[in-house]
Amino acid sequence: MAKVVCPGSFDPVTNGHLDIIERAARLFDEVVVAVLVNENKRGLFSIEERLQMLDQATEHLPNVSTGSFKGLLVDFCTDNGIAAIVKGLRAVTDFDYELQMAQMNGSLTDVDTMFIPTTPEYSFLASSLVKEVAKHGGDVSGLVPGFVLERLAEKYA
Ligand code: PNS
C-alpha cells in the first residue's frame, strides 16, 4: 500500500493544488493532504478553515484524507507510515528550492520525494497571488473552487 503526503500551507487551497492532489490520488493508494501549522506566520485562513476547505474540495476522492502537522514533515511521515512526499513543480524557479528540501528530507530519513509537473494552465498559480488579486477585487474564479471564492469574498468584504 503506497501512502503519500501532499504537504503545504493551503491558505487557501487552489485549483493548482487540486490538480496535484487528484493526480496523486490516481497514482497512489492513499494520499494525506497535510497542512503545516506555522506558529511564526499568521495566515488569512485559520488551520481549521483551511482543513474544512480541503475536506470539501477533496470529498469526491475516497482515498484522500486531510490533517495538519507541526515541526518537521519527515516526522509526520514517519509517525503516519507515509513513504513519500508528493510536490507539484510549477516552473524551473520552483526546482532549486524543492530539490534542496527533497534532499534535506532524504538525508534525515528514507522518506522519498516525488515531483509532479503542474498542468500548464495552473503554472502561474499560487495562494499568495490569489489572495492579493482577490483582496483588490480582481477575478479569481477559475483559479479556486467556487466555495473558496465565497470564503475569500467574505474575508475581504
Ligand atoms: O505551501 P508551502 O508553504 O509552499 O509548503 C511548504 C511546506 C509546508 C511543504 C514546507 O515548508 C515544509 O515541509 N515545512 C515543514 C518543516 C520542515 O520539514 N522543514 C524542513 C524541510 S527541508
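Nothing fancy with the numbering, it's 1 onward along the sequence. Computed from heavy atoms alone, side chains included, the values below leave out hydrogens, waters and symmetry copies. One-based numbering, in listed order, for ligands and for the atoms of each. Predicted model only: the values in this text are computed from it and were never measured.
A distance of 6.0 Å separates CG in Asp94 from CG in Leu89, rounded to the nearest 0.5 Å. Separating the CZ atom in Arg26 from the CD1 atom in Ile21 is a distance of 12.5 Å, to the nearest 0.5 Å. For the atom pair CZ (Phe95) and CD (Gln100), the distance works out to 11.5 Å, reported to the nearest 0.5 Å. With rounding to the nearest 0.5 angstrom, the CD1 atom of Ile85 is 7.0 Å from the NZ atom of Lys87.
Residue contacts with ligand 1: Asn105 is placed with no nitrogen or oxygen under 3.5 Å of a nitrogen or oxygen of the ligand (distance criterion only). Considering backbone and side-chain N/O atoms, Phe69 never comes within less than 3.5 Å of an N/O atom of ligand 1.
In this structure, atom 7 (C) of ligand 1 is not in close contact with the protein, since no protein heavy atom lies within 4.0 Å of it. Distance screen at 4.0 Å: atom 4 (O) of ligand 1 has no protein heavy-atom neighbour inside the cut-off.
Remark: minimum distance from atom 1 (O) of ligand 1 to any protein heavy atom is reached at Ser9 N, 2.9 Å. The nearest heavy-atom contact from the protein to atom 10 (C) of ligand 1 is Met101 SD, 4.2 Å. Residue, atom and distance of the protein heavy atom nearest to atom 20 (C) of ligand 1 are Leu72 CD2, 4.0 Å.
Atoms of ligand 1 lying under 4.0 Å from any heavy atom of Leu73, numbered from 1 in the order shown and given with element: 13 (O), 17 (C), 18 (O). Listed by number with element, the atoms of ligand 1 under 4.0 angstrom from any heavy atom of Met104 are 22 (S). Set against the non-hydrogen atoms of Leu36, the atoms of ligand 1 under 4.0 Å away are 8 (C), 14 (N), 15 (C).
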Practice task
Go through the steps to decide whether Thr119 and Asp19 satisfy the test side chain to side chain donor-acceptor pair (under 3.5 Å), and finish with yes or no.
Solution key: CA-CA 7 Å; Thr119 299; Asp19 169 45; 2.9 Å; yes
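At most 12 non-hydrogen atoms from other residues, nucleotides or ligands lie less than 6.0 angstrom from CD of Glu132.
For Ser141 and Asp139, the side-chain atoms include at least one donor-acceptor pair closer than 3.5 Å.
With hydrogens and angles ignored, the 3.5 Å screen pairs a side-chain donor or acceptor of Asn15 with a backbone N or O of Gly142.
The nearest non-hydrogen atom to atom 16 (C) of ligand 1, considering only Gly8, Gly43, Gly71, comes from Gly71.
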